[in-house]
**Q** 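This is the structure I want to talk about, given as structure tokens.
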Amino acid sequence: MTASVETLSRHWIDGTWQEGPGAIPVVNPATEETIAEVPAGGASEIDTAVVAARHAFTRWAATPLVDRVATVLAIREGIKARSAEIAASITAEMGSPTKFANSVQVGMPMATSKGVAGLAESFPWTEEIGNSLVVREPVGVVGAVTPWNYPLHQVVAKVAPALVAGCTIVLKPSEVAPLTASILAEITAEAGLPGGVFNVVHGTGPEAGEALAKHPLVDMVSFTGSVPAGRRVQEVAAGTVKRVALELGGKSANIVLDDADLTQAVKLGLGNCFINGGQTCTAWTRLLVPEALHDQVVEMAVEQSAKYTVGDPTDESTRIGPMSSDRQRERVEHYITQGVEEGAELAAGGPGRPDGLEHGAYVRPTIFSGVRPDMVIAQEEIFGPVLSVMPYADEDEAVEIANATVYGLAGAVFAGSQERGLEVAKRMRTGQVDVNGGAFNPLAPFGGYKQSGTGRELGRYGLEEFLEVKSIQL
Ligand code: NAD
């Protein structure tokens with residue numbers, strides 16, 4: 001089944017498509033064409049959806065776990081059946097290249113939903129402590145607010161565990177890339193999810209997002225996005241003392257030690273920086289290298305970067321598509337210009353558009369060398385294909401530089417031995433670290449230290465976020 005533009009551009013509330021006032025254009029960043037419009041929901045639509053979710057909660061929470069898990073797996077099957085359509089929707093709404101959209105944008109939610117469904121049976125739902133029976137119960141109505149960079153994954157990382165936990169959900173997807181959420185709404189209905197359990201209200205952050213975060217009948221807000229928006233969500237949610245889980249930005253460091261396999265460190269390092277056009281919260285945007293190896297590493301990175309073809313995201317050979325929007329292109333270009341002005345050396349790329357790409361939100365994949373820790377490009381999240389190569393004097397200084405931003409989401413270490421890599425990984429103040437290219441694990445807890453956030457998603461830890469704990473004394 002293919003979603004129609006008509007259904008895509010409505011709210012999904014209480015199991016029905018509902019029209020609403022306002023129109024937010026959805027622009028294909030490669031073609032600059034408006035491909036759809038979604039309504040600009042606000043407090044009124046949020047209230048209707050939250051009330052529906054509240055009504056649906058009692059029954060859904062009482063639905064046997066085995067049936068909740070079966071529904072999540074049926075949703076997963078629905079995603080699988082429509083994977084090509086979903087990937088095309090993601091490519092159209094935010095420019096992720098077709099190949100990446102199929103393999104990662106759709107592949108990741110398949111893996112994470114299977115992961116949480118698989119652990120539900122063995123999860124310790126009850127526990128005895130002395131004369132107490134400790135039971136885990138769904139937190140209630142969840143308000144989910146998600147970004148545009150992984151339009152399905154970010155949603156499923158919240159919806160799948162929330163459904164397994166027994167929660168009902170009101171989702172406010174990104175207004176930049178809202179269409180995939182509507183396809184998911186159709187899939188949930190086809191999977192037999194009762195009306196009101198999963199609702200989608202379109203709109204902007206300050207209108208629909210804040211209305212959701214402050215709503216008194218919402219028990220928890222699960223937010224993924226930028227630090228400023230997350231801070232605001234926490235502020236408005238404080239009025240009703242609800243649980244707030246924040247998955248925010250990052251400025252992750254890839255520490256290459258003097259005995260590392262440089263070829264592997266540079267290849268994987270650049271790949272993890274340019275992933276999804278650099279629009280990935282965990283992107284390893286700072287490449288920390290021993291002073292003596294700096295020039296050699298820069299040369300290797302520049303050579304490697306030539307493989308990152310920029311262009312039409314529907315072309316199978318494209319590795320970097322446009323930025324998600326023209327606004328994002330401007331932001332990335334601004335930082336590249338700032339890096340030049342700050343005195344960082346341009347080793348590859350630079351300001352302006354790539355040759356031959358006069359239209360669309362394209363930027364030039366850029367490598368800066370000789371970047372100092374106090375430079376803005378070494379401190380702020382750029383969210384584009386921009387790598388900063390930073391020299392360090394010794395291992396202690398490498399760790400100090402890695403930890404010297406307000407962020408703490410992810411990072412990497414490349415070392416001659418796993419033991420040495422592990423020691424450095426333990427000193428990094430971040431929620432996850434990959435040693436010598438350790439693979440992404442969809443069951444491992446995912447989240448940030450410091451201003452990268454307050455919660456953990458995925459696997460058992462992700463499920464626990466959506467649960468309350470009750471002690472019953474017997
Ligand atoms: P954003 O903060 O602009 O928007 C994210 C969501 O928040 C959108 O739905 C938006 O409408 C909403 N929003 C904005 N202002 C709001 C407000 N005042 N109240 C309530 N909601 C509001 O972020 P973005 O540009 O869509 O995404 C990029 C950011 O997301 C980057 O900082 C990136 O690092 C972060 N991110 C983090 C993770 C993670 O898991 N830690 C994952 C992906 C993206």
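Whatever order the structure lists them in is the order used to number ligands and atoms, beginning at 1.
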**Q** Out of Gly249, Gly205, Ser226, indicate the one that has the non-hydrogen atom closest to atom 22 (C) of ligand 1.
**A** Gly205

**Q** Examine distances only and state if a side-chain atom of Lys251 and a backbone atom of Leu409 form a donor-acceptor pair shorter than 3.5 Å.
**A** no

**Q** Please determine whether a side-chain nitrogen of the Lys or Arg among Lys158 and Glu247 lies less than 4.0 Å from a carboxylate oxygen of the Asp or Glu.
**A** no

**Q** In terms of side-chain heavy atoms, does Thr280 have a donor or acceptor partner in Tyr150 at a distance below 3.5 Å?
**A** yes

**Q** Please work out whether any backbone atom (N, CA, C, O) or any side-chain heavy atom from C-beta onward of Thr224 is under 4.0 Å from ligand 1, and answer side chain, backbone, both or neither.
**A** both

**Q** Is it true that a side-chain atom of Ser452 and a backbone atom of Tyr407 form a donor plus acceptor pair closer than 3.5 Å?
**A** no

**Q** If I apply the N/O under 3.5 Å rule, does Arg232 come out as touching ligand 1?
**A** no

**Q** For ligand 1, is there an atom lying under 4.0 Å from some heavy atom of Ser174?
**A** yes

**Q** Tell me whether Thr204 has any N or O atom under 3.5 angstrom from an N or O of ligand 1.
**A** no

**Q** Which part of Tyr150 is near ligand 1, with near meaning a heavy atom under 4.0 Å away: side chain, backbone, both or neither?
**A** neither

**Q** Among protein heavy atoms, which lies nearest atom 35 (C) of ligand 1, and at what distance?
**A** Gly225 O, 3.2 Å

**Q** Counting both backbone and side chain atoms, is some N or O of Glu210 under 3.5 Å from an N or O of ligand 1?
**A** yes

**Q** Any N/O of Glu175 closer than 3.5 Å to an N/O of ligand 1?
**A** yes

**Q** Could you check whether Arg460 pairs with Glu464 (Lys NZ or Arg NE/NH1/NH2 to Asp/Glu carboxylate O, under 4.0 Å)?
**A** yes

**Q** Does any N or O in the side chain of Trp60 come within less than 3.5 Å of the main-chain N or O of Ala53, such that one atom is a donor and the other an acceptor?
**A** no

**Q** At what distance is the nearest protein heavy atom to atom 6 (C) of ligand 1, and which residue and atom is it?
**A** Thr146 O, 3.4 Å

**Q** Does the structure place the NZ or CZ of Arg353 under 6.0 Å from the centre of the six-membered ring of Tyr362, at an angle of no more than 45° from the ring's axis?
**A** no

**Q** Can Thr180 and Ser89 be counted as having a side-chain donor-acceptor contact under 3.5 angstrom?
**A** yes

**Q** Kindly identify the option in Val221, Thr280, Val233, Leu409 whose heavy atom sits closest to atom 20 (C) of ligand 1.
**A** Val233

**Q** Kindly confirm or rule out an N or O of Lys172 lying under 3.5 angstrom from an N or O of ligand 1.
**A** yes

**Q** Which atoms of ligand 1 are found less than 4.0 Å from any heavy atom of Val145?
**A** 6 (C), 7 (O), 9 (O), 12 (C), 21 (N)

**Q** Do you see a protein non-hydrogen atom under 4.0 Å from atom 4 (O) of ligand 1?
**A** no

**Q** For Phe383 and Trp148, what are the C-alpha separation, side-chain angles and deciding distance, and is it a ring pair (Phe, Tyr, Trp, His ring centres under 6.0 Å)?
**A** CA-CA 12 Å; Phe383 230 51; Trp148 45 256; 5.5 Å; yes

**Q** Quick one: does Glu381 get an N or O within less than 3.5 Å of an N or O on ligand 1?
**A** yes

**Q** Which is it for Leu248 and ligand 1 at heavy atoms under 4.0 Å: side chain, backbone, both or neither?
**A** backbone

**Q** Run down the list Cys281, Gly209, Gly447, Ala283 and name the one with the heavy atom closest to atom 38 (C) of ligand 1.
**A** Cys281

**Q** Donor-acceptor check, side chain of Asp14 to backbone of Ala52, threshold 3.5 angstrom: yes or no?
**A** no

**Q** Measure Gln279 to ligand 1 on non-hydrogen atoms and call it side chain, backbone, both or neither using the 4.0 Å cut-off.
**A** neither

**Q** Considering only the protein, which heavy-atom contact is closest to atom 26 (O) of ligand 1, and what is its distance?
**A** Trp148 CD1, 3.0 Å

**Q** Could you check atom 28 (C) of ligand 1 against the protein and tell me its nearest heavy-atom contact, residue, atom and distance included?
**A** Phe383 CE2, 3.5 Å

**Q** Any salt bridge linking Arg54 with Asp219? Criterion: basic side-chain nitrogen under 4.0 Å from a carboxylate oxygen.
**A** yes

**Q** Under 4.0 Å, counting heavy atoms only: does Phe223 come that close to any atom of ligand 1?
**A** yes

**Q** Would you check if the side chain of Glu207 reaches a backbone N or O of Gly41 as a donor-acceptor pair within less than 3.5 Å?
**A** no

